[in-house]
Amino acid sequence: MQKKVIVTGVAGFIGSNLAMHLLNRGYSVVGIDNLVSGTIENVDARVDFHKTDICNKEVYSLLQGADAVFHLAAKNSLTDCLANPLDAAQINAVGTLNILEAARQAKVGKFIYADTSAEYEGIHEFPTREDKVRPIGVYAASKHGGCTFCESYRDLYSMNLTIVRYFNVYGPAQDWRRVVPPVMSAFIIRMLRGEAPIIYGTGEKRRDFIYVDDVNDFHLTLLKDPRSNGGIYNVGTGVNFSINEIYRLIEELLQTGLRPIYKADLPGEAQVTLADISSGRKLGWEPKIDIHEGLRRSVQYIKDRVLQVVQTNQVKTA
Ligand SMILES: NC(=O)c1ccc[n+]([C@@H]2O[C@H](COP(=O)([O-])OP(=O)(O)OC[C@H]3O[C@@H](n4cnc5c(N)ncnc54)[C@H](O)[C@@H]3O)[C@@H](O)[C@H]2O)c1
């Protein structure tokens, strides 16, 4: 029988990619999103889509009969979380608890929680392993709250729970509409429009970037491999690049001649992220898309799908 998978945050970047990946492999997908930042255009037409909030009681009936839940919906802009800490806690911690409780009542077979490398903000050992966390900012603390409820439900009710800590995921459908959009999309959009990219700080912060298709593959591994039950996994590549290097790689592809504009640093961002991915590798998973290929595909997607929307709406990009 076709397996039913719930994806919260299905209209967002990672959720919409995940839904498409699952549908293409024969799963049925029920998608939940309140469209606060995601868009309906991101959602594959085959998704059984419900526009609702993860804090809403409506989710209890939606989770009935589900084989697995990927809980991705979150407030995840760092600046937004700093400006609205109570909302961040309500959505990322309490909202997660609501989905967990709905999953417990529905006896869902597997629950996967989308955690973040921001959990490691106060840890300065690289590459970073999964066993120690030290969240500092409001976003990290609120996601940690959600993670703590997951661990509580795992221990209290023997729920089958897996936690994934994404590093910097990039690729098609990244949310370029944010006030401070993710760096890859921001650079590519501006440079394709003939505008200089903006770098906050010196550009020497280093990030472990992972292409979204590699994340999709890992998600599928988690669904299929029972060794992942109860585990916590970093989802990165084990290689990092500085923001200046990313600019140079995109410039190599686009040949614009544009130089970056440097602005004051953004508060609350880690200097370095670098994942130890040996736990994921033990499941036979390996990221396959290198930075050159990932950026090439991202440029193509933005040319095909984003640029016209930006130009038509005269959207300002940071
Ligand atoms: N993108 C990354 O690099 C990254 C890194 C680390 C962790 N994560 C985590 O992965 C998950 C997905 O991230 P993303 O990049 O796809 O983000 P995104 O902002 O593109 O998607 C999040 C989706 O959740 C929805 N949403 C927000 N609040 C909601 C609510 N209260 N009820 C229902 N829906 C709601 C939004 O409308 C959006 O569609 C998040 O949990 C995030 O914390 C992402």
Side-chain angles (χ1 to χ4, degrees), residues 6-20 30-43 47 49-59 62 69-81 84 86-99 102 112-121 133 135 137-147 150 163-185 207-212 214-216 218-219 233-237 269-270 273 275 294 298:
I6 310 286
V7 178
T8 75
V10 73
F13 164 43
I14 302 175
S16 60
N17 278 286
L18 167 63
M20 217 181 321
V30 175
I32 295 173
D33 203 298
N34 65 358
L35 300 181
V36 68
S37 63
T39 65
I40 197 68
E41 293 77 36
N42 280 344
V43 183
V47 170
F49 178 69
H50 297 264
K51 180 173 184 264
T52 189
D53 197 292
I54 53 165
C55 300
N56 201 306
K57 293 286 175 217
E58 194 188 333
V59 299
L62 297 178
V69 172
F70 283 89
H71 175 46
L72 274 68
K75 188 177 195 63
N76 62 9
S77 142
L78 262 61
T79 36
D80 206 7
C81 287
N84 303 290
L86 297 182
D87 283 357
Q90 174 65 21
I91 296 161
N92 296 350
V94 180
T96 296
L97 179 58
N98 196 44
I99 298 291
I112 293 145
Y113 175 64
D115 202 9
T116 168
S117 61
E119 289 265 26
Y120 304 126
E121 275 168 353
V133 294
V138 170
Y139 167 64
S142 65
K143 292 292 289 185
H144 184 67
C147 184
C150 288
I163 290 159
V164 285
R165 297 212 177 107
Y166 307 129
F167 280 64
N168 278 65
V169 187
Y170 72 103
Q174 234 185 343
D175 181 12
W176 51 267
R177 291 175 177 83
R178 285 188 200 173
V179 179
V180 181
V183 63
M184 310 287 207
S185 306
R207 292 281 174 276
D208 186 329
F209 292 100
I210 179 157
Y211 192 72
V212 69
D214 283 325
V215 179
N216 284 335
F218 190 63
H219 285 148
Y233 294 93
N234 284 340
V235 185
T237 58
E269 288 195 333
T273 68
S298 302

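When a ligand or atom number is given, it counts from 1 through the structure's own listing order. What you are looking at is a predicted structure, and each value in this text was computed from that prediction instead of being measured.
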Taking [atom] as the reference point, the nearest protein heavy atom with its distance:
atom                    : value
atom 22 (C) of ligand 1 : Ala74 O, 4.1 Å
atom 33 (C) of ligand 1 : Asn34 N, 3.2 Å
atom 13 (O) of ligand 1 : Asn76 ND2, 3.2 Å
atom 37 (O) of ligand 1 : Asp33 OD1, 2.6 Å
atom 43 (O) of ligand 1 : Tyr139 OH, 2.7 Å
atom 8 (N) of ligand 1  : Tyr166 CD1, 3.5 Å
atom 28 (N) of ligand 1 : Val36 CG1, 3.7 Å
atom 1 (N) of ligand 1  : Ile14 CD1, 3.7 Å

Check this for me - ligand 1, [X], N or O atoms closer than 3.5 angstrom, yes or no?
X      : result
Lys75  : no
Leu72  : yes
Ala73  : no
Asp53  : yes
Gly9   : no
Ser117 : no
Ile32  : no

With a 4.0 Å heavy-atom cut-off (strictly under), which part of Asn168 contacts ligand 1: side chain, backbone, both or neither?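 The backbone, only.
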Distance check, rounded to the nearest 0.5 Å: Ser185 atom OG versus Phe13 atom CZ?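 These two atoms lie 7.5 Å from each other.
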Do the non-hydrogen side-chain atoms of Val212 and Pro172 ever get within less than 4.5 Å of each other?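 Of all side-chain heavy-atom pairs linking Pro172 with Val212, at least one is under 4.5 Å.
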Check whether any side-chain heavy atom of Asn98 lies under 4.5 Å from a side-chain heavy atom of Ile54, and answer yes or no.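 Asn98 vs Ile54: side chains apart.
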If the contact criterion is a heavy-atom separation under 4.0 Å, does [X] count as touching ligand 1?
X      : value
Thr39  : no
Phe167 : yes
Thr52  : yes
Cys55  : no
Ser37  : yes

Using only atom types and a distance under 3.5 Å, with no angle test, would you say the side chain of [X] pairs donor to acceptor with the backbone of [Y]?
X      : Y      : value
Arg207 : Ala270 : yes
Asp208 : Gly236 : no
Thr8   : Leu72  : yes

Close-contact set for ligand 1 against Lys143 heavy atoms, below 4.0 Å: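 Here the atoms of ligand 1 in question are 40 (C), 41 (O), 42 (C), 43 (O).
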